[in-house]
Amino acid sequence: MQGDLGNNERVADPIIYVEQRIAAAFAKVGGAAAVGIDTAVRQSDRADAQVNGSLALAKAMGLTPREVALKVLEVVDLKDICSDAQVAGPGFINLTFKNEFLARELMASSTGKKLGVRNATKPRKVLIDYSAPNVAKEMHVGHLRSTVIGDALVRMLTYVGNEVVRENHVGDWGTPFGMLIEHLVDLGETHAAEELSVGDLDSFYRSARKKFDESETFQTRARTRVVALQSGDAETLRLWKLLVAESNRYFQKIYHTLGVLLEPTDVMGESAYNELLPQVTTRLGALGMMTKSDGADVVFPEGFTNRENQPLPLIIRKTDGGYNYATSDLACVIDRVERIDAELLLYVVGAPQAQHLQMIAAVATQAGWLKAPREMVHVSFGNVLGADKKMLKTRSGDTVKLDALLTEAVERAAKAVAEKNPDLTAEAQAEIARIVGIGAVKYADLSTDRIKDYTFDWDRMLSFDGNTSPYLQYAHARICSIFRRANVERASVRNFEPTISHVAERELAMKVLQFDSALWDTLDKYSPHRLCTYLYDLATSFSSFYEQCPVLKAENENEKNSRLMLCDLTARVMQAGLEVLGIESPEQM
RNA sequence: GCCCUUGUAGCUCAGUGGAUAGAGCACCGGACUUCUAAUCCGUUGGUCGUAGGUUCGACUCCUACCAAGGGCGCCA
């Protein structure tokens, strides 16, 4: 996925800006030899940016890298951009940007529509499958990552101009519903609804399970009920819908607390694909892809083997004639491609499903349902671990309920707020605690590489030091505070072209201008932690600036306005960055 | 047995084929009559799991091995 300049948004990142000129210079110097050479301009700790292409090109041209670099510098025109461009070390070109150039780029970012972020070159219709809780089961910590990562991707993809379709693949069908409905009948609808509406889904499920395990007559009832459900018995469906509705109401409550965009209309439960299931078998049959194996209808996609090194089947129709999740997932692909016409299908699903999803993709591709440029991507993620390095559990060994987890987050944050800022009203404290607590949980989840497991640690995620959301939020709040003190409207400084002089101003300016690169880099890999790392760097640069560069007591009016402009832009980037991660930015803390 | 993922400082984690591998915590030492010290600045700390290979150049790409976790036929 690529960014584009065609949205009236001038590219703000000086590194991207200079890249085009450098590439042209390399082509001029190297001619045919330069084709395929990486001329990318990169961030550097020795200068504002560095160019490495000379080292790669030298051999093909029969010159030393330094000679190539000198030739490139002869050809390239950087007068308006760089104050310095030097060959260094074995043949790197170190670039130093003019402060006036940085100031112009800051203006472009400040007055642009999206803080310098480019729109997608070709906006796509993107479908995101995420969250996926189960009806009549509590949402627990296992649903956290899918929900939070999926929500962040929705926001980021939307921000750069894609059309995003959210789908919550709720587990609302299957054999457990026989016992759940019978349990509902036993309790009486009113009482059952009460129990479900207070969110005590686990005990409901456990009681049903217990009866099922202990009573043969209950088992028989449950099995009969499953048959009735699948054959569309009206009364059974009515009871089933009751369960689904109560559960969805509860999920929505959690989503609201968590601050994710999922709505009831985004629910596309497994049951939604029931009518498509027979079509999956007939279409695969018509394509000649299905074979009988041990009584079941299966497809053998290429490249998958089992324990005995035999071809591994994807079971489409079980020996008993029933369908399973593979069938349902294939129906999903058909629906998403043919009805919704999504071009990119994102599955924000745990890593253990990798092979299953690969098989689904393989079969769907072989069947001709998934054709380039349509693509299916597994956005996989690892587990949430406790301090013991095992799956996070409560002290008593139960799964951690999401509801309880979020409540505790806000409580812990409230304690910190009360301690640090007791002068605020109770209402203000509660609101800040909510934003900080929820933000901390989400940020902890988003800020490490999603592919890895991560260790859940209250103290660390709520700390104001290090790569945490409170630290980022604090940077934002401090800026808001400056404007409150100055009694200056934020918007009034946005057209002021700043003068960059202090080294800390420069550092901060460079960081602010990298928002676009950071966001696109994040989208490129569907890895929100990259944006987190950027925002943390931005906050660090700001904190350093804040220490060294007085704003309200600047030496003169120009310096003061310059710094106010830089502060406002920093705050806006921070706020926008956090927002696409699904995290709010309080104005005071 | 086959396949996938992970392995970086005492701990938690970043790291785009480029120069001297970076943060935070912890440890030690500094800075509040100051725009929020919920902060900042400095010191200490590394066989990048191991061994080969590709390359001008490897934490990064390839191969093998070691370790941890996960997956591998009718649950979803």
Assigned partner base of B/C32, Watson-Crick or wobble definition, under 3.5 Å: none

Atom-to-atom span, OH of A/Tyr454 to C1' of B/G70 - whole angstrom: 19 Å

Distance in angstrom units between A/Tyr347 OH and B/A76 C1', rounded: 15 Å

Interatomic distance where CD belongs to A/Gln358 and P belongs to B/G70 [whole Å]: 18 Å

B/U44 versus B/A51 - spacing of their P atoms, nearest Å: 27 Å

A/Asn52 side-chain proximity, nearest of B/U39, B/A38, B/G18: B/G18

Sugar-phosphate only, base, or nothing, as touched by A/Gln588 at under 4.0 Å among non-hydrogen atoms: base

Residues A/Asp516 and A/Gln514: side-chain donor-acceptor under 3.5 angstrom: no

Whole-Å C1' distance, B/G73 and B/A14: 41 Å

Integer angstrom distance from the C1' of B/C59 to that of B/G49: 12 Å

Touch class at under 4.0 angstrom, heavy-atom based, for A/Ala326 against every strand present: nothing

Touch class at under 4.0 angstrom, heavy-atom based, for A/Asn94 against every strand present: base

Length of the CZ-C1' vector between A/Arg307 and B/G71, whole Å: 9 Å

Sugar-phosphate, base or nothing in reach of A/Arg317, heavy atoms under 4.0 Å: nothing

Distance test, side-chain N/O of A/Arg563 to OP1/OP2 of B/C35, below 4.0 Å: no

From B/U36, B/G71, B/U39, nucleotide with atom closest to A/Asp465 side chain: B/U39

Gap in Å between the two P atoms, one belonging to B/U16 and one to B/U8, rounded: 16 Å

C1' atoms of B/G7 and B/U50, separation to the nearest Å: 11 Å

Pair partner, B/C65 [Watson-Crick or wobble, under 3.5 Å]: B/G49

Identified pairing partner of B/U12, criterion: Watson-Crick or G-U wobble below 3.5 Å: B/A23

Sugar-phosphate only, base, or nothing, as touched by A/Gln43 at under 4.0 Å among non-hydrogen atoms: base

Any A/Lys452 side-chain N or O less than 4.0 Å from OP1/OP2 of B/G7: yes

Whole-angstrom distance between B/U33 and B/A37, as gauged at atom C1': 14 Å

Proximity to the side chain of A/Ser543 - top-ranked nucleotide from B/A76, B/U39, B/C35: B/U39

Stacked cation flag A/Arg478 on A/Phe542, 6.0 angstrom / 45 deg: no

Identity of whatever pairs with B/U55 - Watson-Crick or G-U, under 3.5 angstrom: none

Side-chain N,O (A/Ser481) to OP1/OP2 (B/U36) below 4.0 Å: yes

Residue met sooner reading RNA chain B from 5', once A/Ser44 and A/Tyr325 are mapped to nucleotides: A/Ser44

No-hydrogen, no-angle side-chain donor-acceptor test under 3.5 Å, A/Tyr205 and A/Asn134: no

First of A/Ala49 and A/Leu312 reached from the 5' end of RNA chain B, by closest nucleotide: A/Ala49

Side chains of A/Lys393 and A/Thr399, donor plus acceptor under 3.5 Å: no

Sugar-phosphate only, base, or nothing, as touched by A/Cys532 at under 4.0 Å among non-hydrogen atoms: nothing

Minimum-distance nucleotide to A/Tyr474 side chain [options: B/A38, B/C40, B/C35]: B/A38

Base orientation of B/C32, syn vs anti, 90° cut from 0: syn

Cation-pi, A/Phe381 ring and A/Arg450 (6.0 angstrom, 45 degrees): no

A/Lys71 atom NZ, over 12 foreign heavy atoms within 6.0 Å: no

Pairing of A/Lys389 and A/Asp453 as salt bridge, 4.0 angstrom limit: no

Sugar-phosphate, base or nothing in reach of A/Ser293, heavy atoms under 4.0 Å: base

Proximity to the side chain of A/Ala56 - top-ranked nucleotide from B/G15, B/C56, B/G24: B/C56

A/Tyr546, nearest nucleotide to its side chain (from B/A38, B/G73, B/C35): B/C35

A/Asn324 side chain, from C-beta outward: closest of B/C74, B/C35, B/A76: B/A76

Proximal nucleotide (of B/C56, B/A14, B/C2) relative to the A/Asp449 side chain: B/A14

Proximity of A/Tyr130 and A/His169 rings by center, below 6.0 Å: no

Distance test, side-chain N/O of A/His529 to OP1/OP2 of B/G15, below 4.0 Å: yes

Sugar-phosphate only, base, or nothing, as touched by A/Arg42 at under 4.0 Å among non-hydrogen atoms: base

Donor-acceptor pair under 3.5 Å, A/Thr448 side chain vs B/C13 base: no

Short side-chain N/O contact to B/C41 OP1/OP2 from A/Ser544, under 4.0 Å: yes

Distance in angstrom units between A/Phe542 CZ and B/C41 P, rounded: 13 Å

Salt-bridge present (A/Arg336, A/Glu167; N to O < 4.0 Å): yes

Carboxylate-amine/guanidinium contact A/Arg563 A/Glu559, below 4.0 Å: yes

Sugar-phosphate only, base, or nothing, as touched by A/Ala296 at under 4.0 Å among non-hydrogen atoms: base

Between P of B/G18 and CD of A/Gln50, the distance in whole Å: 9 Å

Nearest-angstrom distance from the residue atom CD1 of A/Ile37 to C1' of B/U55: 13 Å

Side-chain N or O of A/Thr455 closer than 4.0 Å to phosphate OP1/OP2 of B/C13: yes

Rounded C1' spacing from B/U55 to B/C72 in Å: 37 Å

A/Arg460 (side chain) and B/U12 (base): donor-acceptor pair under 3.5 Å: no

Shortest side-chain distance from A/Asn306, nucleotide among B/C35, B/G73, B/G71: B/G73

Check: A/Thr468 side chain, B/G24 base, donor-acceptor under 3.5 Å: no

Opposite nucleotide pairing with B/C72, Watson-Crick or G-U, both atom distances under 3.5 Å: B/G1

d(CG, A/Leu523; P, B/U16) in whole Å: 17 Å

Sugar-phosphate only, base, or nothing, as touched by A/Pro352 at under 4.0 Å among non-hydrogen atoms: sugar-phosphate

B/C75 phosphate, OP1 or OP2, under 4.0 Å from A/Lys318 side-chain N/O: yes

Span that lies between the P atom of B/U5 and that of B/U60, in whole angstrom: 16 Å

